[in-house]
Colleague: 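Submitted below is the structure of interest, expressed as structure tokens.
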Amino acid sequence: MKIGFIGCGNMATSIIKGIIRKQIIDAENIIASAKTKATLDRVQKELGVKVSTDNLEVTENSDILVLAVKPQYYPEVIAQIKDVVRKEQIVISIAPGKTLDWLQEQFGGAVRLVRTMPNTPALVGEGMTGACRNEYVTDEDYATVLQILGSFGEVETIPENLMDVCVSVSGSSPAYIYILIEAMADGAVADGMPRAQAYKFAAQSVLGSAKMVLETGKHPGELKDQVCSPGGTTIEAVRVLEEKGFRSSVIEAMKACVRKARGI
Ligand SMILES: NC(=O)C1=CN([C@@H]2O[C@H](COP(=O)(O)OP(=O)(O)OC[C@H]3O[C@@H](n4cnc5c(N)ncnc54)[C@H](O)[C@@H]3O)[C@@H](O)[C@H]2O)C=CC1
Ligand SMILES: O=C(O)[C@@H]1CCC=N1
């Protein structure tokens, strides 16, 4: 099995590192393209995969092809490769807003397409990916794709109409969490904790809280209540978060994210 990446920036690098880490596909069976020699040198050095500036070479040398460029470059890239994409090849999109119908139209023929929304924690094997496929992708093809996507974290098949929601809840959400961690560390630093220590305490608390939700199966509200002692410290923090519109800020930010995805 050979996998190709057109574009090798943040997301492709995270996916490739995740795949190599789990030894699903060897580095020698991975090929990636980029626009500049500087990026290719960085990719070759950092990941040890084959590299090329030629998107056609990447297309011809892969069974699974990931389109890992920004959405605005999709039309240009697809126009360039569509005549060399083979019938049995699987093309994976990772772009927000690009529907299976739109992708199909750009290719102008029957292409096996899997639409996904991954996220950068793939780099450490803790990604969350939503996926759906078109009618040309066989069950066998799709099982292979899910195995690859599952090698760098969790993967779930979702209806295509939820892909834009997936962008806000998992594709983009690591950014919100990093802001939260940074803000928590700023708070700790403001009260005297050294910066590096503050990042560790904040990040480990986020990691532990996420595990509590996933592993206990308890409602997040119940877990929150367990932390809030009557007349205690936590409820004071919660009171201020509610007063400052924390919950509503998150919801509104996510709705803006979905609107943007729908408009891309
Ligand atoms: N960064 C993230 O957290 C996530 C990104 N995505 C999606 O992944 C895709 C890639 O995003 P990033 O990796 O963040 O972007 P990026 O900008 O880091 O990487 C894209 C790479 O593609 C290269 N490129 C541009 N045009 C090219 C062409 N014609 N041929 C070959 N290479 C070309 C660029 O030079 C760049 O290195 C986007 O569609 C994005 O929406 C999806 C989920 C999460
Ligand atoms: O910001 C973006 O457009 C991409 C999609 C999801 C995460 N990053």
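Both counts, for ligands and for their atoms, begin at 1 and track the order of listing.
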Colleague: Are any side-chain N or O atoms of Thr157 and backbone N or O atoms of Cys132, one a donor and one an acceptor, separated by less than 3.5 Å?
Modeller: no

Colleague: Show me a pair-per-line table, with atom names and distances to 0.1 Å, of protein N or O atoms that are under 3.5 Å from an N or O of ligand 1.
Modeller:
residue: ligand 1; atom: 13 (O); partner: Asn10; partner atom: N; Å: 3.1
residue: ligand 1; atom: 13 (O); partner: Met11; partner atom: N; Å: 2.8
residue: ligand 1; atom: 14 (O); partner: Lys70; partner atom: NZ; Å: 3.3
residue: ligand 1; atom: 15 (O); partner: Lys70; partner atom: NZ; Å: 3.2
residue: ligand 1; atom: 18 (O); partner: Asn10; partner atom: N; Å: 2.9
residue: ligand 1; atom: 18 (O); partner: Asn10; partner atom: ND2; Å: 3.3
residue: ligand 1; atom: 30 (N); partner: Asn55; partner atom: ND2; Å: 3.0
residue: ligand 1; atom: 39 (O); partner: Val69; partner atom: O; Å: 2.7

Colleague: Would you mind reporting whether Pro121 and Met128 have side-chain heavy atoms less than 4.5 Å apart?
Modeller: no

Colleague: Would you say the side chain of Arg42 lies within less than 4.5 Å of the side chain of Thr13, judging by non-hydrogen atoms?
Modeller: yes

Colleague: Donor-acceptor pairs are to be reported for all side-chain atoms of residues 250-264 against protein atoms at under 3.5 Å, with residues two or more places apart or in another chain.
Modeller:
none

Colleague: Counting from 1, what ligand 2 atoms have a heavy atom of Gly171 closer than 4.0 Å?
Modeller: 6 (C), 7 (C)

Colleague: Considering heavy atoms of the protein only, find what lies nearest to atom 3 (O) of ligand 2 and give residue, atom and distance to 0.1 Å.
Modeller: Pro96 CG, 4.2 Å

Colleague: Any carboxylate oxygen within less than 4.0 angstrom of a Lys/Arg side-chain nitrogen, looking at Asp26 and Lys2?
Modeller: no

Colleague: Got a donor-acceptor contact below 3.5 angstrom from the Asn134 side chain to the Leu100 backbone?
Modeller: no

Colleague: Is the closest protein non-hydrogen atom to atom 6 (C) of ligand 2 under 4.0 Å?
Modeller: yes

Colleague: Only pairs under 3.5 Å count here: list side-chain donor-acceptor contacts from residues 214-229, not counting sequence neighbours, and write none if there are none.
Modeller:
residue: Thr216; atom: OG1; partner: Met212; partner atom: O; Å: 2.6
residue: Thr216; atom: OG1; partner: Lys218; partner atom: N; Å: 3.1
residue: His219; atom: ND1; partner: Gly221; partner atom: N; Å: 2.7

Colleague: Could you find the nearest protein heavy atom to atom 1 (O) of ligand 2 and give me its residue, atom name and distance?
Modeller: Ser172 OG, 4.5 Å

Colleague: For residues 162-170, tabulate all N or O donor-acceptor pairs below 3.5 Å that involve a side-chain atom, not counting sequence neighbours.
Modeller:
residue: Ser168; atom: OG; partner: Val165; partner atom: O; Å: 3.0
residue: Ser170; atom: OG; partner: Cys166; partner atom: O; Å: 3.1

